[in-house]
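The next block holds one structure in the form of structure tokens; read it before the comments.
Residue numbers begin at 1 in each chain, while the letters A, B, ... track the order of the sequences.
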There are 2 protein chains.
Amino acid sequence: MSTSAASSPRRLTRKGQETRQRIVGAAADLIFEQGVARTTIEEVRAAAGVSSSQLYHYFDDKPALVRAVIEHQSDVIVGGQETFDLSTLEGIRTWRDWVVQHQRETSCVGGCPIGSLGSELAETDSQGRDQVAAGFKRWEASIRRGLREMHAQGRLSSETDPDALALALLAALQGGLLLTQIERDTTALEAALDAMLDLIARRS
Amino acid sequence: MSTSAASSPRRLTRKGQETRQRIVGAAADLIFEQGVARTTIEEVRAAAGVSSSQLYHYFDDKPALVRAVIEHQSDVIVGGQETFDLSTLEGIRTWRDWVVQHQRETSCVGGCPIGSLGSELAETDSQGRDQVAAGFKRWEASIRRGLREMHAQGRLSSETDPDALALALLAALQGGLLLTQIERDTTALEAALDAMLDLIARRS
DNA sequence: GATAAAATGGATTGCGCAATCCAAACTAGC
DNA sequence: GCTAGTTTGGATTGCGCAATCCATTTTATC
């Protein structure tokens, strides 16, 4: 969690931090549900139960709020990722099952919180894009840690490049989530992850 | 290319068809560059060199125009896809190289024209989402045709399910394109496609 | 408990942009 | 060449929404 950002208030009261967090949380939910462009400041204001001036007290403008949301979602996702151990085939399967199950439980709605943001901002907000890229880097590093461990312990063939595999796994997940979100069906996500699992098994 | 759509004018003059096409092309370019929400009717109007009333003569409203753009992009992509033969490992490698090269040439800007649209519309325009899903289905079918052929001719092991593999390949491509777009670097795309190629080779 | 800073309330402003309207000028088909 | 339908011009409207403003109340610090 990189602090920084919101210019004006340098010292935040405990109460202020709570309010700020409430705004970020509400914004994150709304943006996850309907994207940045279709989420209005008014909606965020109402959902967070704050006044307009409060919102602009904590964030310079809408882009600044979006930046805080990206940071928030990165933290949530990377935090979640680190509860899984990807250094064994069994662990990767457990992770795969969790991801698929989670999509089923949410009716395949929303896709990946970071991926969707990245797609929307990529060509219009370079600062936002950089931030999403940094989030992906952290995520990738987390996956890589597992595969490197697997490789070091000889459970991945020595010719295998664990770093490239980590990137491929993240890509397969992203593509699977996108197709799953659009088709409202986990088939694509399962096919993508199972293909990667099969590859990893064959390289064991 | 499914016709239909724009309510009002049932009979289009040649001139009318040209104008309509010009609008769709301009809209497709702009939307590819900056997304649906950030593309204004005024921009499309100027780029296509038409008047406001012309635009609303051919399309009921902005969502209708977006629908025409989705249709257009689906046609372009599926058309392009069909110039490749995915029934041999060699052919798939050629396709992989083309995709990567294309991203390099465009500086990794824009991502996938359909994927980006799908991501933006998924939760806010169910009609648009359905249309993107249909586009992906066509794309998937095109890939599947190659892999089924490969399977039938014994160049893919009999235990392999070519349909699931086609879906996984499309997902890897989408995820690779998304990461590549955000990181402005083709490494992820290459890792994703190469992983799938390796899997296919190992299943040959 | 005084005072400076921070947090909150809510009305208001101004503009970007989708969409409408009323013509006028073409293009078919008979 | 007449007329019904199609295509085009461009001004205008109206609203959604980001952002500003001026208070008032609360919290920290000494």
Side-chain angles (χ1 to χ4, degrees), chain A residues 3-28 30-31 33-69 120-121 124-125 127-128, chain B residues 3 5-27 30-31 33-69 120-121 124-125 127-128:
Chain A
T3 52
S4 73
S7 60
S8 27
R10 22 212 222 172
R11 295 189 322 200
L12 284 187
T13 306
R14 168 155 53 236
K15 197 175 173 187
Q17 285 182 1
E18 285 169 4
T19 302
R20 196 193 124 102
Q21 196 48 43
R22 194 147 31 93
I23 296 172
V24 173
L30 285 165
I31 287 176
E33 287 165 15
Q34 48 189 16
V36 173
R38 298 189 114 99
T39 296
T40 71
I41 292 289
E42 163 61 22
E43 286 175 303
V44 174
R45 192 201 60 68
V50 299
S51 70
S52 170
S53 60
Q54 284 180 68
L55 224 146
Y56 284 96
H57 177 65
Y58 294 103
F59 305 95
D60 282 350
D61 49 17
K62 193 178 175 183
L65 174 59
V66 171
R67 270 178 255 130
V69 168
E120 184 172 0
L121 302 177
T124 50
D125 176 355
Q127 202 174 349
Chain B
T3 52
S7 61
S8 30
R10 19 211 223 173
R11 294 190 320 201
L12 285 186
T13 304
R14 168 152 53 234
K15 198 174 173 188
Q17 285 183 2
E18 285 169 3
T19 303
R20 197 193 121 101
Q21 196 48 42
R22 192 147 33 91
I23 296 172
V24 173
L30 286 165
I31 287 176
E33 288 164 15
Q34 48 190 15
V36 173
R38 297 189 116 99
T39 296
T40 70
I41 292 288
E42 163 61 22
E43 286 175 303
V44 174
R45 193 200 61 68
V50 300
S51 70
S52 171
S53 61
Q54 280 179 45
L55 225 146
Y56 285 95
H57 176 65
Y58 294 103
F59 305 96
D60 283 350
D61 48 19
K62 193 178 176 185
L65 175 58
V66 171
R67 270 177 256 131
V69 168
E120 184 172 0
L121 302 178
T124 50
D125 176 355
Q127 201 174 349

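- Contact of the B/Tyr58 side chain with the B/Val24 side chain is not registered, since no non-hydrogen atoms from C-beta on lie closer than 4.5 Å.
- Here the nucleotide nearest the side chain of B/His57, chosen from D/dT7, C/dA6, C/dA19, is D/dT7.
- Looking at the side chain of B/Lys62, the nearest of the listed nucleotides D/dA19, D/dC17, C/dA19 is C/dA19.
- Rounded to a whole Å, the OH atom of B/Tyr58 is 8 Å from the C1' atom of D/dT8.
- At a threshold of 4.5 Å between non-hydrogen side-chain atoms, the residues A/Val66 and A/Leu121 count as touching.
- Side chain of B/Glu120 to main chain of B/Val36: a donor-acceptor pair is present (N/O by atom type, distance under 3.5 Å, no hydrogens or angles).
- Set against C/dG9, D/dT27, D/dG9, the side chain of A/Ser53 has C/dG9 as its closest nucleotide.
- Residue A/Thr13 is in sugar-phosphate contact alone, with no base atom involved, counting any heavy-atom pair closer than 4.0 Å across all strands shown.
- In B/Gln17, the CD atom is crowded: over 12 heavy atoms of neighbouring residues, nucleotides or ligands sit closer than 6.0 Å.
- Between B/Arg14 and B/Ile41, the residue anchored nearer the 5' end of DNA chain C, judged by the nucleotide with its closest heavy atom, is B/Ile41.
- Between the CZ atom of B/Arg38 and the P atom of C/dA18 there is a distance of 13 Å, rounded to whole Å.
- Of all nucleotides listed (C/dT8, D/dC17, C/dC17), C/dT8 comes nearest to the side chain of A/Ser51.
- With distances taken from any side-chain atom of A/Tyr56 to the nucleotides D/dA18, C/dA7, D/dG9, the minimum falls on D/dA18.
- A close approach under 4.0 Å does not occur between any side-chain nitrogen or oxygen of B/Gln54 and OP1 or OP2 of D/dT7.
- Remark: C1' of D/dT7 and CG of B/Leu55 are 13 Å apart, rounded to the nearest angstrom.
- Here the P atom of nucleotide D/dC17 and the CG atom of A/Leu30 are 13 Å apart, to the nearest Å.
- Distance B/Leu65 CG to C/dA18 C1': 12 Å, rounded to the nearest Å.
- In this structure, the nucleotide among C/dA11, D/dT27, D/dC17 sitting nearest to the side chain of A/Ser52 is C/dA11.
- As rounded to whole Å, 16 Å separates atom P of C/dT20 from atom CZ of B/Phe59.
- Residues A/Arg22 and A/Thr19 have side chains in contact (heavy-atom distance under 4.5 Å, counting atoms from C-beta outward).
- Residue A/Gln17 contributes atom CD, which lies 15 Å from atom P of D/dT27 at whole-angstrom precision.
- Per the geometry, CZ belonging to A/Arg20 stands 19 Å off C1' belonging to D/dT27, to the nearest Å.
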